[in-house]
Amino acid sequence: MTQWSGPTLIAVFAGFGLAFVLVVPYVAVSYRKRGELGLLRAIAAPAFLVYCFALVTYTLLPLPDVNAAYCAAHESLRHPVWNPLQFLEDMKQFNTGLLDNPALRQVLFNVAFFVPWGVFLRRLFGRSIGFAIVSGFFVSLAIETTQLTGVWFLMECPYRLFDTGDLLSNTVGAGIGALLAPVLRRSGRLRPADEPRPVLARRRLLGMVLDLISVTLVGVVLSMIALAVQYVTKGTLQNNTLIDDVLGRWVPTGVLLLIVPLMGNGATPGQRAVMLTVVRADGRPPSVLQSILRFLIGSGGYFILVGLDSGWTSLWLLAHLVFMVFTRGHRGLTGLVCRLSVVDTRAAVREPVAPPG
């Protein structure tokens with residue numbers, strides 16, 4: 001890895017990993033606060049997490065071997081640069097063109113690195129220009145202080161330089177981003193959050209993906225707990241069918257996709273997140289029999305096929321996807337068989353649902 005590729009890869013993987021963990025609550029909050037997710041916010045939210053991890057990785061990495069010899073050889077790093085315009089003097093040391101000057105390019109990089117901060121604070125969080133600039137200053141100050149203190153005294157000495165010029169250029173970058181942010185303003189009428197939205201195929205698919213993520217995360221947590229108990233009691237770590245199949249798949253699937261709908265309004269966690277629910281022709285929640293049948297035809301049937309190592313699993317997935325896209329109201333194969341409809345939660349409480357056709 002090069003000096004920059006390592007921190008970049010870490011930021012990308014860590015950012016998207018955290019986004020995977022937080023996606024269900026984030027989507028749920030977005031739908032309740034704004035009535036929908038929106039393509040721009042769906043892209044911006046994980047991008048912001050990646051960007052935040054990039055701030056951390058570029059601040060800390062690469063880590064040198066900081067010992068007594070290193071500290072002695074880099075004594076100058078203990079002395080901060082207090083002149084924020086020192087880069088002007090540094091530029092004179094290089095006999096190059098203006099844009100090829102390393103000192104100037106470093107300043108421009110520091111400015112560009114904080115432009116996204118201003119954009120994210122304005123567009124993703126709705127903060128003011130002043131807040132974006134001030135917060136950019138304090139984030140940059142935290143970075144510089146981390147470098148001055150050797151990662152808050154975890155190192156024997158600093159391994160990077162505290163430079164007020166970086167503090168200035170980072171703050172300028174945050175200000176430029178805050179000023180440019182209105183360019184990304186969404187066009188069109190912003191509908192009230194409590195106004196029902198149509199049940200589209202992509203919204204149904206998003207709910208299904210959120211269900212899959214929920215089952216996966218709960219399964220991982222249960223499996224890790226089981227492995228920890230196994231290690232404490234037996235002193236070994238060994239996967240088995242009980243952990244992989246029962247705790248990793250069946251328990252989270254049964255709880256989230258059968259028990260939760262039975263105890264609630266018939267909706268799975270993913271459907272709840274995107275404000276969808278499942279109803280009968282008269283608008284009432286599904287019966288117990290309908291819920292069980294829906295589970296067996298849907299996610300339960302999928303895991304039965306997986307457990308049997310069946311070659312029909314891919315065809316099962318394709319069939320459900322096709323029925324979800326092309327059935328009326330996008331109620332899918334389970335809705336067609338069980339005579340259930342998928343409706344917007346906000347519409348369900350306002351008016352009765354027309355019988356499925």
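- Across every non-hydrogen atom of Pro116 and Tyr51, the tightest pair is CB-CE1, 3.7 Å.
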| Phe137 and Val134: CA distance, side-chain angles, deciding distance, side-chain contact (heavy atoms from CB on, under 4.5 Å) verdict | CA-CA 5 Å; Phe137 169 82; Val134 172; 5.6 Å; no
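- For the 3.5 Å distance criterion, the side chains of Trp152 and Thr145 fail to qualify, holding no donor opposite an acceptor.
- Residue pairs satisfying the salt bridge (charged side-chain N to carboxylate O under 4.0 Å, His left out) criterion with at least one member in residues 203-224, sequence neighbours excluded, are listed as follows: Arg203-Asp344.
- Put simply, Leu296 and Val288 are part of the same group of oily side chains (I, L, V, M, F, W, Y) that touch within less than 4.5 Å, one to the next.
- Under a hydrophobic-cluster definition in which Ile, Leu, Val, Met, Phe, Trp and Tyr are linked whenever side-chain heavy atoms come within less than 4.5 Å, directly or via other members, Phe153 and Leu60 are assigned to different clusters.
- In this structure a side-chain-to-backbone donor-acceptor pair under 3.5 Å is missing from Thr164 to Leu167.
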| task | Kindly indicate, with the supporting measurements, whether the criterion side-chain contact (heavy atoms from CB on, under 4.5 Å) is fulfilled by Leu161 and His79. | result | CA-CA 8 Å; Leu161 183 66; His79 307 288; 6.0 Å; no
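- Although no hydrogens or angles enter the test, the distance criterion places no donor-acceptor pair under 3.5 Å between the side chain of Arg197 and the main chain of Glu36.
- Checking side-chain atoms of Tyr159 against main-chain N and O of Asp65 turns up no donor-acceptor pair under 3.5 Å.
- The main-chain N or O of Leu276 is never found under 3.5 Å from a side-chain atom of Gln271 such that the two would form a donor-acceptor pair.
- Follow the hydrophobic side-chain contacts under 4.5 Å out from Met324 and you reach Leu318 in the same cluster.
- In this structure the side chain of Leu257 reaches within 4.5 angstrom of the side chain of Pro269, judged on heavy atoms.
- The distance from atom CG of Leu340 to atom CZ of Arg284, rounded to the nearest 0.5 Å, is 11.5 Å.
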| message | Set out, in order, the CA-CA distance, both residues' side-chain angles and the distance that settles side-chain contact (heavy atoms from CB on, under 4.5 Å) for Val27 and Leu210, then state yes or no. | response | CA-CA 9 Å; Val27 172; Leu210 295 181; 3.8 Å; yes
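- Summarising the geometry of Gly301 relative to Trp316, their closest heavy-atom pair is C-NE1, 4.4 Å, with the distance given to 0.1 Å.
- One finds the OG atom of Ser341 at 10.0 Å from the CG atom of Leu336 (value rounded to the nearest 0.5 Å).
- Formation of a donor-acceptor pair under 3.5 Å by the Asn170 side chain with backbone atoms of Phe114 is not found in this model.
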Could you tabulate the donor-acceptor pairs under 3.5 Å formed by side-chain atoms of residues 215-225, not counting sequence neighbours?
from: Thr216; atom 1: OG1; to: Leu212; atom 2: O; distance (Å): 2.7
from: Ser223; atom 1: OG; to: Gly219; atom 2: O; distance (Å): 2.8

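- Scanning all heavy atoms of the two residues, the minimum distance from Ser169 to Asp166 falls at OG-O, 3.1 Å.
- Side-chain atoms of Arg78 do not come within 3.5 Å of backbone N or O of Cys71 as any donor-acceptor pair.
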| said: What verdict does the side-chain contact (heavy atoms from CB on, under 4.5 Å) test give for Tyr26 and Val29, after you've listed the backbone C-alpha separation in whole Å, the side-chain angles of each residue and the deciding distance to 0.1 Å? | reply: CA-CA 5 Å; Tyr26 176 77; Val29 171; 5.9 Å; no
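- Taking both residues in full, the closest heavy atoms of Val119 and Ala181 are given as CA-CB, 4.1 Å, listed atom of the first, atom of the second, then distance.
- Taking the side chain as every heavy atom from C-beta outward, Gln290 and Ser287 approach each other to under 4.5 Å.
- Nearest heavy-atom pair across Arg339 and Arg331 is CA-NH1, 4.4 Å.
- Between Ser30 and the choices Arg34, Lys33, Arg32, the side-chain hydrogen bond (donor to acceptor under 3.5 Å, both in side chains) rule is met once, by Arg34.
- Shown here are the side chain to side chain contact (heavy atoms under 4.5 Å, CB included) partners of Leu104, two or more places apart in sequence or in another chain: Met91, Leu98, Asn101, Leu108.
- Remark: Leu37 CG to Met275 CE distance equals 13.0 Å, nearest 0.5 Å.
- One distance of note links OH of Tyr70 with CE of Met155; it measures 9.5 Å at 0.5 Å rounding.
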| query | Could you walk me through whether Trp117 and Ser140 pass the side chain to side chain donor-acceptor pair (under 3.5 Å) check? | reply | CA-CA 11 Å; Trp117 180 267; Ser140 179; over 6 Å; no
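- Cation-pi contact between Arg127 and Phe131: present, with separation from the ring centre below 6.0 Å and deviation from the ring axis of at most 45°.
- When atom types are taken as modelled, the side chain of His330 and the backbone of Leu200 share no donor-acceptor pair closer than 3.5 angstrom.
- Among all heavy-atom pairs drawn from Ala267 and Val260, the shortest one is O-CG1, 4.2 Å.
- The side chain to side chain contact (heavy atoms under 4.5 Å, CB included) test with Phe162 singles out one residue from Leu148, Ile143, Thr149, Leu77, and that residue is Leu148.
- Aromatic ring centres of Phe113 and Tyr58: separated by under 6.0 Å.
- We find the OG-CZ distance between Ser135 and Phe125 to be 10.0 Å, quoted to the nearest 0.5 Å.
- Shown here is Arg202, whose CZ atom has no more than 12 heavy atoms of other residues, nucleotides or ligands within 6.0 Å.
- Taking the side chain as every heavy atom from C-beta outward, Leu55 and Val139 approach each other to under 4.5 Å.
- Between the side chain of Glu144 and the backbone N or O of Leu141, no donor-acceptor pair lies under 3.5 Å.
- Residues Asn265 and Arg272 have side chains in contact (heavy-atom distance under 4.5 Å, counting atoms from C-beta outward).
- Of the possible polar contacts, one joining the Thr327 side chain to the Gly332 backbone as a donor-acceptor pair under 3.5 Å is found.
- For the side chain to side chain contact (heavy atoms under 4.5 Å, CB included) with Arg294, the lone residue among Leu258, Leu333, Leu289, Thr334 that qualifies is Thr334.
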